[in-house]
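In what follows, a structure is listed as structure tokens, so that the remarks can point back to it.
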Amino acid sequence: MSIVYQDISLATLEILAQHPQTVVVDVREPWEFEEFNIGGINIPLADIRERRKEVVPFQNIIVVCTNGTRSKVAAKDYCRAEELQTKSIFHLQGGILEVED
């Protein structure tokens with residue numbers, strides 16, 4: 001049985017991100033990440049399975065993208081991963097578009 005991710009707001013992300021056991025994973029393409037980001041690590045959606053070991057050390061995993069579409073796919077994938085079953089998976093509702101406004 002897989003765990004379920006939780007949708008969070010930008011305000012909640014900012015609080016959670018202060019915890020040392022939290023990682024923010026931006027699943028956009030590298031050029032998008034370089035153009036604008038809210039911190040964290042850049043693991044493009046196409047690479048999340050191959051690079052899953054990078055998030056294993058963290059207890060809280062927050063997945064973000066531009067508008068929430070790609071990050072929702074990534075969050076679902078993380079929820080199905082056997083090695084992440086004891087983790088808390090979060091998804092930034094609406095993506096980082098909110099930040100730029």
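Here the structure is a predicted model, which means the values were calculated and not measured.
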Under the side chain to side chain contact (heavy atoms under 4.5 Å, CB included) test, residues paired with Phe33 that sit two or more places apart: Asp26, Arg28, Asn37, Asn42

Determine whether [X] and [Y] make a side-chain contact, defined as any pair of heavy atoms from C-beta on separated by less than 4.5 Å.
X: Val23; Y: Asn60; answer: no
X: Tyr78; Y: Ile3; answer: no
X: Arg70; Y: Glu32; answer: yes
X: Gln6; Y: Ile89; answer: no

Candidate pair Val64 and Val27, rule side chain to side chain contact (heavy atoms under 4.5 Å, CB included), full reasoning: CA-CA 6 Å; Val64 303; Val27 298; over 6 Å; no

With no hydrogens and no angle check, is any side-chain donor or acceptor of [X] less than 3.5 Å from a backbone partner on [Y]?
X: Gln59; Y: Thr86; result: yes
X: His91; Y: Gly68; result: yes
X: Lys87; Y: Ile61; result: no
X: Glu54; Y: Ile48; result: no

Residue Glu50 excluded, over 12 heavy atoms near CD under 6.0 Å: yes

Residues, nucleotides or ligands: over 12 heavy atoms within 6.0 Å of Arg51 CZ: yes

Side chain to side chain contact (heavy atoms under 4.5 Å, CB included) evaluation trace for Phe36 with Ile96: CA-CA 9 Å; Phe36 175 80; Ile96 63 171; 3.7 Å; yes

From [X] [atom1] over to [Y] [atom2], what is the distance, rounded to the nearest 0.5 angstrom?
X: Leu92; Y: Ile8; atom1: CG; atom2: CD1; result: 6.0 Å
X: Tyr5; Y: Ser71; atom1: OH; atom2: OG; result: 8.5 Å
X: Cys79; Y: Gln85; atom1: SG; atom2: CD; result: 8.0 Å

Identify each donor-acceptor pair in which a side-chain atom of residues 10-19 lies under 3.5 Å from a protein atom, sequence neighbours left out, and give them as a table.
residue, atom, partner, partner atom, Å
Thr12, OG1, Ser9, OG, 3.1
His19, ND1, Gln21, N, 2.9

Worked verdict on Val55 versus Leu84 for side chain to side chain contact (heavy atoms under 4.5 Å, CB included): CA-CA 9 Å; Val55 302; Leu84 301 179; 4.1 Å; yes

